[in-house]
Every structure is written in structure tokens, then in C-alpha cells.
Amino acid sequence: VQQPAAVKTLAVEMKREVSREIQHTNGMLSGDSISVPGTPLPVSRSQTAGSHATSITTTNSTGILIRLTVVACGTHAARAEVALKSAVMMSRTRLHLHVFSDSEDIKTRLARTMAAWPDVVSGRVTHSAHDLYYPPGEDRRAWKSLFRQCATVRLFLADVLLEADSTLYVDSDVVFFSPVEEAWALFGRFNSTQVASMTPEHEELSVGWYNRHGRHPYYGKTGLNSGVMLLNLTRLRHFRFDAGKKKDQPWSGSMVQIYHDYKNVIRWGDQDILNTFFNFNPGSLFVHSCEWNFRPDHCFYRPFASCPAAEKNSTIHLLHSNRNAAFSSRYNGPFFKVVYAMFSAHQATSVLHTNTEMVLSLTTGFRDVRVSHGKGCMSIEELLTTALSQGIARIQQ
């Protein structure tokens, strides 16, 4: 972990970089009638397509409004709580949390969790609960059960969040180690044709799934992972796309078309649909590197082999416990369990006061499960601890 003076210098530099990214985002040109992310958007009581969304207006908030979207169905309420709390902990600007679920009990549980947050948090954080939405005429049961329960809802966010210009979508098993503002600033790197940002599914051909087993078109050499996505919803609603067998299609129509054309060979549900779409529309995607979506696969085979950017940039921004890693003994599960235990144990305002307790909790937890001495995900123990310490320092600055 860097010394306080170095951390302070880094924090100042990152603050300037984020400020420049946001300014660039606000100044981007994306069409005569198409807005760009970063500008404050009104939050009000509204009802949108397929949604009974009650939005609570915030007070005493300034700056940009970041919209974060999470889907929580089945047994994913607890992990969604941790994901949302990590976003609140690792941010200082206004947040609006969009929660999609098929369960009123889950919506109520998450609403109570957020209502219990201290005033210093509730003054800048608002939320909306949304029902699941699928296009009219489609088999809702088939869409809902495609791969993970409710996962395909992310394909139709542009049809539901009509008041939103953009959103940062994360799976319910993702936690933030860097300020949310830094992830949001990636919008500033989009060119005028890009509508979304995702990370590669793999970066090493020898362990890639799509290049070895995929039976449908996919993006690039190794495909894409859909666990962390930045979506310019305004562009998704206005642009037209290539859907393979049909051209000049709207976004949602493209999702439906690709599903019906390839449903017999789809293995990973919505992720396969997105891979096929961006194979047809490569110019519509901005690819962000794997430290923004670091997963068990990146350290399962050998240290950093599948995510060299994390080692090169000496950081991990978002940790994604896919494969149920944080909730089982497989795929370096104990390592990811430590991370979830740390975020679960601390208050939403912890980072505003000190980073010592959180970093100590992480360090102690890693020490207790260290059995492989550098093999697998334990090899990134120091890197992740440093990333947390530095991320908290940037929040405090």
C-alpha cells in the first residue's frame, strides 16, 4: 500500500482525470437530438413500459447523476444488497439505483436496506423498483429463464428507463473497488457511433470459451462478458442496427431477432445475444479492459495470464464473482467470500471516515484463507488490497 503522501498525489491526479473525462463526456456530440451521459437528469415519480417505478426525489444534491442498474431475482437479493452498498460506499456524487426484480419481497427488502442508510447517504442516493419487461408478443417465460433467471432483462433497459439518458449496468455479484465516477467517466471515451461498453470474455485464446466452443457469431477473438456494461440508452433508442438476417432494425428488435435466429445454439443467454449483435455491429461497441470486470477466470488458470491489464495498471476497479464464486468453494471461492464479507460487515459511510478498518478486514481475511501461496486468485491479494486502499483515498479526496 502506498504511503499517505503518494496516495494523496494519486488521488489528486485521479480527481483531475475524472473531471476531464466528465467534461469531455458533457461536451461530446452524438447527433442533433441525442443527448450524452453526464448531465443531471430529473428524478421523479414515473411509470414506464413494463414498470411500476417509484422514484424518490433527492435533496441537497449537486453534480452529475449516475444511474446504476442491478437485476435481483430468486436468491440474489443478498448479493444485490452488497453490490449496491459497494457502489454507495465507493462514490461521492449523486446516484440513482434502478433495481429490477420479479419479487415484491425482494423489492421491499432492498428498499428497506436503502432506507436504513444514514442521512449523509440518503441525501444523494435515490432508487426505483422496476418490474420485469419483455417486448409485447414475446414468450416472457422463455426469456426470463434463458440462462440465469431474469438476466435477459438487461437487453431491454432502453425500453423501460425512458427518463434515463445512460446507465451503468452491473450483475448482482459485482463490487466496486474504485470510485463509481471513474467507471462512469468511460462514457467520455465513446465515439459518435458507440452505444455500449463491455469487456472481453477472455483475453487468452487457449482458455477462451467462444473461440473453442461457440456455435454462433461472437465479437472479436474471444467474445464479450455482459456482467459490467455502460449503455447509452438514448443512442440505443435512436440508432438503427444490423440484426443479421434483417437490417436497419431498432435495438430491441435486434435483440428479439437474434434470439429467434440463434436460440437453438445459445448457451449463455443474453451474453450470447449481445456477442452476436456486436459481431454484426462492431463499430457500436467500446471495449474496456478487464480490470473493470475482473473475474475468477482471470486468475483461475495462472496469475494475470487472462488479464494482463490488471498487472500492467496495478489495479482492479470492479470485482465480479461470476460462476457463483463468492458463494461456493469452487473457483477460488474463499478468496471472493472474503471480499463479500468485508463489504457486508461495514457501514455504507465507512469510507468517509477511515480506510484502515476495511483494508485491515480484507488483509486479515485473505491471510486466514491463504493456502495456495501465490497460486490462483490468492496471487492478486496484495493488488486488490492496494486497489481498495487507493480507491478509498480517492473518494476521501
For this session: Given side-chain contact (heavy atoms from CB on, under 4.5 Å), test Glu81 with Leu110 step by step and report yes or no.
Result: CA-CA 7 Å; Glu81 285 180 330; Leu110 294 177; 3.2 Å; yes
Exercise. Is it true that Arg367 and Glu381 have a side-chain N and a carboxylate O under 4.0 angstrom from each other?
Worked result: no
Exercise. CG/Leu383 to CG/Leu388 distance, rounded to the nearest 0.5 angstrom?
Worked result: 11.5 Å
Seminar exercise, completed: On a heavy-atom basis, the closest approach of Leu65 and Arg94 is CB-NH2, 3.5 Å
Problem set entry | Phe366 side chain reached by Leu384 side chain, heavy atoms, under 4.5 Å | yes
Exercise. Are any of the side-chain heavy atoms of Pro217 and Asn275 separated by less than 4.5 Å?
Worked result: no
Seminar exercise, completed: Given the options Glu311, His317, Lys312, Thr315 meets side-chain contact (heavy atoms from CB on, under 4.5 Å) only with His317
Exercise. Looking at Leu186 and Phe190, what are the two nearest heavy atoms and their distance?
Worked result: O-CD1, 3.6 Å
Problem set entry | Side-chain donor/acceptor of Ser389 to backbone N/O of Thr385, under 3.5 Å | no
For this session: Taking atom NZ of Lys247 as the centre, report whether more than 12 heavy atoms of other residues, nucleotides or ligands fall under 6.0 Å from it.
Result: yes
For this session: Might you point out which heavy atoms bring Val174 and Ala83 nearest each other, and give the distance in Å?
Result: O-CB, 3.2 Å
For this session: Measure the CG-OG distance between Leu157 and Ser166 for me, rounded to the nearest 0.5 Å.
Result: 11.5 Å
Problem set entry | Flag, side chain of Arg92 to backbone of Ile395, donor-acceptor distance under 3.5 Å | yes
For this session: Search all heavy atoms of Ser101 against all heavy atoms of Cys73 and return the closest pair with its distance.
Result: CA-SG, 4.1 Å
Problem set entry | Glu291/Ser289 under side chain to side chain donor-acceptor pair (under 3.5 Å): CA gap, chis, key distance, verdict | CA-CA 6 Å; Glu291 74 264 33; Ser289 53; 2.6 Å; yes
Exercise. Just by modelled atom types, is the Leu285 backbone N or O under 3.5 Å from a matching donor or acceptor in the Gln194 side chain?
Worked result: yes
Exercise. Do Glu163 and His96 get their side chains close enough for a donor-acceptor pair, meaning under 3.5 Å?
Worked result: no
Exercise. Do Phe277 and Phe280 have ring centroids that are under 6.0 Å from one another?
Worked result: no
Problem set entry | Note, Phe177 side chain near Phe294 side chain (heavy atom, < 4.5 Å) | no
Exercise. Short question: side chain of Arg215, backbone of Ile266 - any donor-acceptor pair under 3.5 Å?
Worked result: no
Exercise. Are the charged groups of Arg394 and Glu182 less than 4.0 angstrom apart, N to O?
Worked result: yes
Problem set entry | Straight-line distance of Leu231 CG to Thr69 OG1, nearest 0.5 Å | 8.0 Å
Exercise. Where is the tightest heavy-atom contact between Thr234 and Ala164, given as atom of each residue plus distance?
Worked result: OG1-O, 4.4 Å
Exercise. Closest approach of Ala151 and Asp270, non-hydrogen atoms and distance?
Worked result: CB-OD1, 3.4 Å
Exercise. Taking atom types as modelled, is there a side-chain donor on Thr93 or Glu181 under 3.5 Å from an acceptor on the other?
Worked result: no
Exercise. With a 4.5 Å heavy-atom cut-off, do Leu155 and Trp143 have their side chains touching?
Worked result: yes
Problem set entry | side-chain contact (heavy atoms from CB on, under 4.5 Å) evaluation trace for Asp102 with Asp131 | CA-CA 6 Å; Asp102 61 346; Asp131 296 332; over 6 Å; no
For this session: Could you tell me whether Arg109 and Glu104 make a salt bridge, using a distance below 4.0 angstrom between a side-chain N and a carboxylate O?
Result: no
Exercise. Where does the angle between the aromatic ring planes of Phe278 and Tyr219 fall among parallel (under 30°), tilted (30 to 60°) and perpendicular (over 60°)?
Worked result: perpendicular
For this session: Spell out, as yes or no, whether a donor-acceptor pair under 3.5 Å connects the side chain of Thr193 to the backbone of Gly283.
Result: yes
Exercise. So, do Lys144 and Leu132 sit near enough that their side-chain heavy atoms are less than 4.5 Å apart?
Worked result: yes
For this session: To the nearest 0.5 angstrom, please state how far the CZ atom of Arg79 sits from the OH atom of Tyr340.
Result: 7.0 Å
Exercise. Does some side-chain heavy atom of Thr126 sit less than 4.5 Å from a side-chain heavy atom of Met114?
Worked result: no
Problem set entry | Glu201/Trp268 under side-chain contact (heavy atoms from CB on, under 4.5 Å): CA gap, chis, key distance, verdict | CA-CA 12 Å; Glu201 172 68 9; Trp268 308 117; over 6 Å; no
For this session: Please state whether the rings of Trp292 and His288 are parallel, tilted or perpendicular, taking 30° and 60° as the class boundaries.
Result: perpendicular
Exercise. Between the main-chain N or O of Arg240 and the side-chain N or O of Gln249, is there a donor-acceptor pair closer than 3.5 Å?
Worked result: no
Exercise. Does the ring centre of His130 sit less than 6.0 Å away from the ring centre of His98?
Worked result: yes
For this session: Answer whether the closest heavy-atom distance between the side chains of His346 and Ser361 falls below 4.5 Å.
Result: yes
Seminar exercise, completed: side-chain contact (heavy atoms from CB on, under 4.5 Å) with Ile66: of Thr167, Leu97, Val180, only one passes, and it is Val180
For this session: Take Trp184 and Ile64 through the test side-chain contact (heavy atoms from CB on, under 4.5 Å) and record every step on the way to the result.
Result: CA-CA 10 Å; Trp184 190 259; Ile64 64 172; 3.8 Å; yes
Exercise. Between Phe239 and Phe241, what is the ring plane arrangement, given parallel below 30°, perpendicular above 60°, and tilted in between?
Worked result: tilted
For this session: To the nearest 0.5 angstrom, please state how far the OG atom of Ser197 sits from the CZ atom of Phe187.
Result: 8.0 Å
Exercise. What orientation do Tyr134 and Phe156 show, parallel under 30°, tilted 30 to 60°, or perpendicular over 60°?
Worked result: perpendicular
For this session: Could you tell me whether Arg154 and Asp171 have a side-chain N and a carboxylate O separated by less than 4.0 Å?
Result: yes
Problem set entry | Minimum side-chain heavy-atom gap His76-Ser172 below 4.5 Å | yes
For this session: Starting at OG1 of Thr152, measure out to CD1 of Ile273 and round the result to the nearest 0.5 Å.
Result: 7.0 Å
For this session: State which residue, out of Asn293, Thr199, Asp297, fulfils the side-chain hydrogen bond (donor to acceptor under 3.5 Å, both in side chains) condition with Asn225.
Result: Asn293
Exercise. Does any donor atom in the side chain of Asp105 or Ser103 lie under 3.5 Å from an acceptor atom in the other side chain?
Worked result: no
Exercise. Can you tell me if Arg124 and Ser91 form a side-chain donor-acceptor pair at under 3.5 Å?
Worked result: yes
